[in-house]
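Data block below; observations after.
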Protein chains: 2
Amino acid sequence: MADVATKIKGSLQGNGTAGVPSTSAFDPFVTAPNPLSAANAVGPVQANPFSHDTAAALNGAAFFANQSGFQQPLPAQVDYFHSLVPLDLNHQKNATIFGFPSWVYKAQSSKDGNFYALRRLEGFRLTNEKAIRSVQAWKRVCNGSVVTVHDAFTSRSFQDSSLIFVTDYHPLSKTLAEQHLGAGNRFQGRHNTHIPEQVLWGYMTQIANALKAIHASQLAARIIDPSKILLTGRNRIRLNACAIMDVVQFDTQRSLAELQRQDLVNFGQLIVTLGANQPNVMHNPTKAMEHFTRAYTAQLKNSVFWLLNGLQKDQERNIDIFITGISSTLMSTFDSALHLDDQLTSDLSRELENGRLVRLMTKLNFINERPEYEHDRQWSENGERYFLKIFRDYVFHQVDAQGDPVVDLGHVLMCLNKLDAGTDEKITLISRDEQSCFVVSYKELKKALESSFQALLKPSASRRLH
Amino acid sequence: MADVATKIKGSLQGNGTAGVPSTSAFDPFVTAPNPLSAANAVGPVQANPFSHDTAAALNGAAFFANQSGFQQPLPAQVDYFHSLVPLDLNHQKNATIFGFPSWVYKAQSSKDGNFYALRRLEGFRLTNEKAIRSVQAWKRVCNGSVVTVHDAFTSRSFQDSSLIFVTDYHPLSKTLAEQHLGAGNRFQGRHNTHIPEQVLWGYMTQIANALKAIHASQLAARIIDPSKILLTGRNRIRLNACAIMDVVQFDTQRSLAELQRQDLVNFGQLIVTLGANQPNVMHNPTKAMEHFTRAYTAQLKNSVFWLLNGLQKDQERNIDIFITGISSTLMSTFDSALHLDDQLTSDLSRELENGRLVRLMTKLNFINERPEYEHDRQWSENGERYFLKIFRDYVFHQVDAQGDPVVDLGHVLMCLNKLDAGTDEKITLISRDEQSCFVVSYKELKKALESSFQALLKPSASRRLH
């Protein structure tokens with residue numbers, strides 16, 4: 001099971017090589033790291049109050065609370081959310097993108113108990129009620145390459161006038177800026193590695209997927225920035241923070257068509273920036289394109305060039321025309337997604353076995369060594385339960401010739417799988433005093449387990465009638 | 001866990017609605033049906049000799065062995081394969097497609113222990129060694145919409161001269177003919193339901209994906225027939241039996257370009273046949289197209305019409321041009337695949353928890369009630385093990401006010417999750433004689449579990465040195 005974490009990191013790049021099984025050694029007793037780190041569960045996230053994720057995040061909260069500027073404690077409640085945990089990597093006020101300082105928190109909803117991401121725009125005053133209603137259209141955008149928007153409201157819980165956006169929470173995600181442009185590092189932009197062409201194509205098809213859904217909903221993304229695109233799985237990205245400009249700049253004079261064409265330009269600039277691994281490369285577009293031309297194929301360069309000219313009126317330009325142009329690489333990315341589906345399905349079918357084993361072991365433990373049943377202190381030692389008891393010893397308490405414990409998960413799993421299947425195979429069970437020996441089939445043991453378990457389930461009233 | 005089987009049936013059709021969580025009731029003690037039936041694990045399939053799948057298949061073998069014409073027992077061994085199980089639904093010789101009667105078996109490889117599908121062409125004599133070498137190119141076609149070919153060889157194990165193709169085995173798959181054209185039913189073609197346009201688009205994008213990979217490898221599918229396309233998951237299809245014609249009709253006079261254009265025509269005919277739900281609809285093409293035009297949009301009809309004209313020389317026609325034409329629906333299918341990835345990843349992260357619980361319960365059972373350790377018969381009752389023993393009672397052997405057993409999987413999972421996380425939460429453990437009572441934290445219990453388990457792992461030699 002230890003290699004599942006490696007395996008499920010199937011890539012979503014534009015070739016068909018995803019999903020090659022890892023060859024790492026199998027050590028059944030190595031507990032996988034927090035499964036969310038491998039699996040990047042998609043939001044809304046089920047609350048597991050005991051998970052390490054929460055603990056780590058809470059440590060993070062303590063860390064942030066000690067920073068200057070964070071002396072002010074977080075509110076216990078923001079509308080129908082509680083248990084806020086800050087997610088920002090630095091605590092400097094930054095109003096560059098939205099025009100207001102913005103902060104991101106993980107929080108639990110008291111409506112459904114799931115975790116969400118809250119983005120707070122500090123000091124925003126809503127002057128037009130219609131502005132916030134524009135979020136309704138965004139709530140209907142359900143696309144695998146867009147972070148889903150769930151709600152937006154104003155709040156005074158932070159002792160100011162704040163605008164709050166509620167979106168899916170993607171645990172352990174990074175932004176493209178952090179991944180590729182060194183954002184958050186001290187030596188920003190110095191040691192970034194070149195993004196392979198296939199990965200860049202994978203990003204392009206996913207952003208095209210996002211923009212197709214957004215533009216078809218009569219909306220525009222308005223923000224396509226490396227710092228606002230989440231990497232939520234290997235090579236899997238999602239546009240984030242899209243609905244915000246529609247509220248904050250509700251009174252913009254630009255038409256929807258113009259904003260959508262601006263999306264194409266921003267899309268092109270994003271790809272050039274990522275290709276150059278330099279956050280500010282678009283300050284010198286000529287040099288940026290020169291670098292891009294050297295590093296990538298003509299096909300990729302031409303696609304990006306077409307996007308950068310999105311505002312030109314020389315020809316019709318929209319996202320559908322762009323998608324037609326990249327259909328060949330789109331098919332490759334689609335094939336990668338199919339391969340990833342296969343890998344995940346195969347991993348899942350293996351893991352579902354574990355669910356069956358948990359239920360089986362639980363039943364066995366409900367019965368074995370039960371101190372008393374119906375005032376009978378010998379219940380768990382008598383009749384068919386006696387076989388289950390010495391079967392338990394057979395599974396867990398074997399010793400080798402030297403008398404050393406046999407600690408073999410393989411043996412345990414094999415026995416439990418056979419018990420679950422109720423095979424006809426017979427095994428020899430030996431009593432603890434080694435005076436008796438019984439030949440029993442797994443089928444008989446399974447029957448004993450089931451009937452003993454059913455006895456536990458029977459309500460006492462019905463038992464007393466007998 | 002019972003609803004996982006429902007959940008993972010995310011659809012792969014051309015819209016974005018896949019992956020909506022099921023709302024079926026959660027009953028933790030209902031064991032999911034054989035996980036392979038839900039998950040359709042992709043091949044090569046790991047061998048689990050205890051699974052019901054094998055048992056069912058073996059029953060199938062017994063069934064077939066009783067049919068007339070099947071009196072001849074299957075060979076115990078075919079080259080490096082053993083444990084053959086017939087997979088055909090009927091036992092009538094049929095040479096329509098390949099020119100030779102063909103049979104399909106599931107078999108286990110003695111090289112890697114995995115299951116594969118073997119297709120046998122009865123009575124085939126290889127006259128040209130080069131013919132079978134053409135399979136090499138097929139082995140390199142690794143595409144999510146093509147059943148992967150692994151090997152081909154001739155065999156005399158069936159008391160004749162047979163040609164054997166080895167491919168991935170996809171458990172519980174159906175053919176499109178069985179699913180949509182009533183193949184295998186007595187009232188063939190009478191009660192088939194209309195295929196929705198979105199599903200048909202999903203099939204088209206997947207076959208286009210397959211043909212793109214095949215044609216790019218300088219090959220042609222040559223067979224695109226409803227009876228030779230596997231449905232391996234919900235709306236997920238794969239071209240099968242592709243390499244066979246290249247061997248059987250090795251001496252064909254047709255050029256590769258012509259065969260590839262014929263693929264386009266066969267592709268179009270497949271879609272018309274599926275759209276009409278009638279296996280023989282292409283016998284009357286005009287009527288077939290009339291029906292298709294009534295039932296589906298102009299966009300779909302035009303795409304199919306373009307394919308049907310694949311042999312016309314009026315314009316260049318190849319699979320890449322076709323893909324460009326369907327790029328918009330291709331993007332929708334891609335988005336569905338992303339949604340399915342999300343659903344599977346989320347399900348998997350939940351199931352990975354079970355793997356951790358299996359390991360944890362196994363450790364606890366290795367320690368609890370161990371009869372003897374280092375000649376100490378009280379080991380499992382003494383010191384920190386005593387707390388683990390009464391913790392076991394706390395988890396599994398609680399009774400309610402009436403003295404009835406508390407059989408609550410939720411309580412068990414909560415306790416085990418807290419133990420796994422080693423939380424600071426304290427619980428009160430009571431001795432069996434109710435004379436003593438201990439307040440212990442999960443953190444302390446976790447430490448006790450780990451150190452006791454480490455003691456079991458220590459080799460006796462090193463223990464004796466102390």
Side-chain angles (χ1 to χ4, degrees), chain A residues 1 8 16 29 31-32 35-36 39-42 50 142-144 209 212 320 323-324 327-328 330-331 334-335 337-342 344-349 351-352 354-359 361-362 365-366 369-371 396-397 402 404-405 407 409 412 417-418 421 423 432 456-457 460, chain B residues 1 8 16 29 31-32 35-36 39-42 50 142-144 209 212 320 323-324 327-328 330-331 334-335 337-342 344-349 351-352 354-359 361-362 365-366 369-371 396-397 402 404-405 407 409 412 417-418 421 423 432 456-457 460:
Chain A
M1 289 143 219
I8 62 166
F29 274 107
T31 304
L36 292 181
N40 280 308
V42 292
F50 321 118
C142 171
N143 182 274
N209 181 38
K212 183 177 194 292
D320 291 319
I323 288 168
T324 302
S327 59
S328 177
L330 170 57
M331 189 57 99
F334 172 58
D335 191 50
L338 292 182
H339 280 281
L340 183 57
D341 283 347
D342 289 346
L344 289 168
T345 303
S346 157
D347 290 342
L348 185 58
S349 68
E351 290 300 325
L352 284 172
N354 286 330
R356 304 202 296 159
L357 294 181
V358 167
R359 286 185 292 272
M361 288 171 88
T362 302
N365 276 297
F366 275 143
E369 311 296 335
R370 178 167 285 276
F396 295 104
H397 299 152
Q402 281 76 45
D404 281 345
V407 181
L409 184 62
V412 172
N417 273 321
K418 287 178 179 177
T423 65
R432 286 203 164 188
L456 292 181
L457 286 180
S460 56
Chain B
M1 289 141 217
I8 62 167
F29 274 108
T31 304
L36 292 182
N40 280 308
V42 293
F50 321 117
C142 171
N143 182 275
N209 181 37
K212 182 178 195 291
D320 291 319
I323 288 168
T324 302
S327 58
S328 177
L330 170 57
M331 188 57 99
F334 172 58
D335 191 50
L338 292 182
H339 280 281
L340 183 57
D341 283 347
D342 289 346
L344 289 168
T345 303
S346 157
D347 290 342
L348 186 59
S349 68
E351 290 299 325
L352 284 173
N354 287 329
R356 304 201 297 159
L357 294 181
V358 167
R359 286 185 292 272
M361 287 170 89
T362 301
N365 276 297
F366 275 143
E369 310 296 335
R370 178 167 284 277
F396 295 104
H397 299 152
Q402 281 76 45
D404 282 345
V407 181
L409 185 61
V412 172
N417 273 321
K418 287 179 179 176
T423 65
R432 287 203 164 188
L456 292 180
L457 287 179
S460 56

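If you're wondering where the values come from, they're calculated on a predicted model, not measured in any experiment.
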> Looking at NE2 of His397(B) and CG of Leu456(A), how far apart are the two atoms once the value is rounded to the nearest 0.5 Å?
Replying inline: 8.5 Å

> Is it the backbone or the side chain of Arg370(B) that comes under 4.5 Å from a heavy atom of chain A, or both, or neither?
Replying inline: both

> Given Met361(B) and Thr362(A), is the side chain to side chain contact (heavy atoms under 4.5 Å, CB included) satisfied, shown in steps?
Replying inline: CA-CA 8 Å; Met361(B) 287 170 89; Thr362(A) 302; 3.3 Å; yes

> Going from CG on Leu340(A) to CG on Leu338(B), what distance comes out if it is rounded to the nearest 0.5 angstrom?
Replying inline: 9.0 Å

>> According to side chain to side chain contact (heavy atoms under 4.5 Å, CB included), who are the partners of Thr324(B), at least two apart in sequence or on a separate chain?
In response: Thr324(A), Ser327(A)

> Any side-chain heavy atom of Asn143(A) sitting closer than 4.5 Å to one from Asp335(B)?
Replying inline: yes

>> Can you give me the closest heavy-atom contact between Gly144(A) and His339(B), atom names plus distance?
In response: N-NE2, 3.2 Å

>> So, taking the atom named CE in Met331(B) and the one named NZ in Lys212(A), what distance separates them when rounded to the nearest 0.5 Å?
In response: 7.5 Å

>> Please give me the minimum heavy-atom distance between Phe366(A) and Phe396(B), naming the atom from each residue.
In response: CD2-O, 3.1 Å

> What distance do Leu344(A) atom CG and Asp341(B) atom CG have between them, rounded to the nearest 0.5 Å?
Replying inline: 6.0 Å

